[in-house]
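All ligand and atom numbering here is 1-based and tracks the order in the structure.
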Amino acid sequence: MRFDESFQLPLQHRVIFSAALLDPTNGVLRDVLAGSGSRRAIAFIDAGVEKANPQGARALQSWFSAQASAGHTLPDLCSVDIVSGGEAAKNDSVIVDQVIAATERHAIDRRSYVIAIGGGAMLDAVGLGTTLAHRGVRLVRIPTTTLAMDDAAMGVKNGINRFGKKNYVGAFAVPWAVLCDETYLTTLDSRDFRAGFSEAVKIACLRDPALLTQIERDAARIAARDIRTSMPTIVRCAQLHLEHITRGGDPFELREARPLDFGHWSAHKLESMTGFTLPHGEAVAIGIALDCAYARHVGLLAQGEAARVSACLRALHLPTWHPLLDDIDALLLGLEEFREHLGGRLTITQLTAIGSPMDVHEMDVDAIRAAVRSLAP
Ligand SMILES: NC(=O)c1ccc[n+]([C@@H]2O[C@H](COP(=O)([O-])OP(=O)(O)OC[C@H]3O[C@@H](n4cnc5c(N)ncnc54)[C@H](O)[C@@H]3O)[C@@H](O)[C@H]2O)c1
Ligand SMILES: [Zn+2]
């Protein structure tokens, strides 16, 4: 006897951009938490957000109190824990264990909520905890960095680093909701603010030439942290990532190709080579510049197009070089790790023109060396 049944899951990916989420008059979070028969919620806040931001733990508690005073029925906010932010949040399983322990302590069931407020790294770690407790509790992500808003929080991936390898342990899960509030961005460090735009350059190169033109036009104001100018690029980038997940046909990455990981084979390796001190967004900027230079060397991409992408990254004050690129042997291990992650053939996305990606299944080591040399200052 044999039964081979195909089936589909009815999934919904809910993403809302709304300024001043924790203003007592803002009902977006209320709508997301209402009407599910749940009585409980717990929250985790990135220590970087808590330190810098008036919208930290106190604001969340006040918002819940204000809703109750106004007669709205919402789950009880049982706890708000501050957890480490930055890549350190992903370099061990402390936060994952903390989330699981808090779900047990506060009787968080599968209809209860975990609210995570923070950068991409913290969201990845808290998210992993929520996929494991009860095999999955509802996660409301509130991203607080440019990169988390335009990319990380849109993803259906959660994970932590192990064995010095990025995202080695993780799980796919669609969050209950993703709520983006630009107010958080005002307290971001300039380096972290700019880092998120490498993912925007990435997806513009792959999918949206008009977005690249927009970023080039606005680069100086984005680099100067002008939020009004930056938001349209963040929103468009988020939308393109979301569309890829919901309409791209492979949300859980079952196929060989990972098209949105353009520039990431070297980026992930560089992050690991620097002991995770190089921020992901900066590593991606270097990775994009390297792959564009490589594509030019092997004749896939015109010289002018490769130079255009690098110039755009530099206009955003993003790096296109790192001294550890010179350690080519170590860097090349990134290719093997990339292949190992998905299995099957090595599949790397390269550009043949802005807006025209192409999968390649091998990379020429001499051309990688030449590309690295061409980027050196
Ligand atoms: N799951 C996915 O699909 C996905 C996609 C892309 C990237 N990522 C991951 O996201 C991570 C990078 O995220 P990131 O760029 O947001 O950096 P990050 O999470 O490392 O945060 C950078 C720093 O900013 C601080 N911070 C966060 N919000 C703040 C605020 N509003 N004000 C002041 N400080 C604040 C943090 O504490 C941290 O020190 C990487 O680990 C990357 O692998 C995941
Ligand atoms: Zn990335």
- Of the listed options (Val49, Leu123, Leu147), which comes nearest to atom 12 (C) of ligand 1 when hydrogens are ignored and any heavy atom counts? Leu147

- Message: Which residue and atom name correspond to the protein heavy atom nearest atom 26 (N) of ligand 1, and how close is it?
- Response: Leu188 CD2, 4.0 Å

- Task: Give every residue pair that meets the salt bridge (Lys or Arg N to Asp or Glu O under 4.0 Å) criterion with at least one member in residues 126-135, sequence neighbours excluded.
- Result: none

- Which ligand 1 atoms, with their elements, are less than 4.0 angstrom from a heavy-atom of Glu87? 20 (O), 40 (C), 41 (O)

- Task: Would you check the N or O atoms of Tyr184, main chain and side chain alike, for any that come under 3.5 Å of an N or O of ligand 1?
- Result: yes

- For ligand 1, which atoms sit closer than 4.0 Å to a heavy atom of Asp46? 27 (C), 36 (C), 37 (O)

- Query: Looking only at heavy atoms of Lys166, does any of them come nearer than 4.0 Å to an atom of ligand 1?
  - Reply: yes

- Pick out which of Glu87, Glu337, His341 makes a side-chain hydrogen bond (donor to acceptor under 3.5 Å, both in side chains) with Lys166. Glu87

- Message: Distances under 2.8 Å only: what protein N/O/S atoms are near the Zn ion (ligand 2), ordered by chain and residue?
- Response: Glu199 OE2, His264 NE2, His280 NE2

- Message: Below 4.0 Å, non-hydrogen atoms only: which portion of Met154 touches ligand 1? Side chain, backbone, both or neither.
- Response: neither

- Message: Could you check whether any side-chain heavy atom of Glu253 comes within less than 4.5 Å of a side-chain heavy atom of Lys157, counting everything from C-beta outward?
- Response: yes

- Query: What part of Ala52 sits under 4.0 Å from ligand 1 if we count only heavy atoms: the side chain, the backbone, both or neither?
  - Reply: side chain

- Message: Using a 6.0 Å distance limit plus a 45 degree cone around the ring axis, check whether Arg225 lies over the aromatic ring of Phe193.
- Response: yes

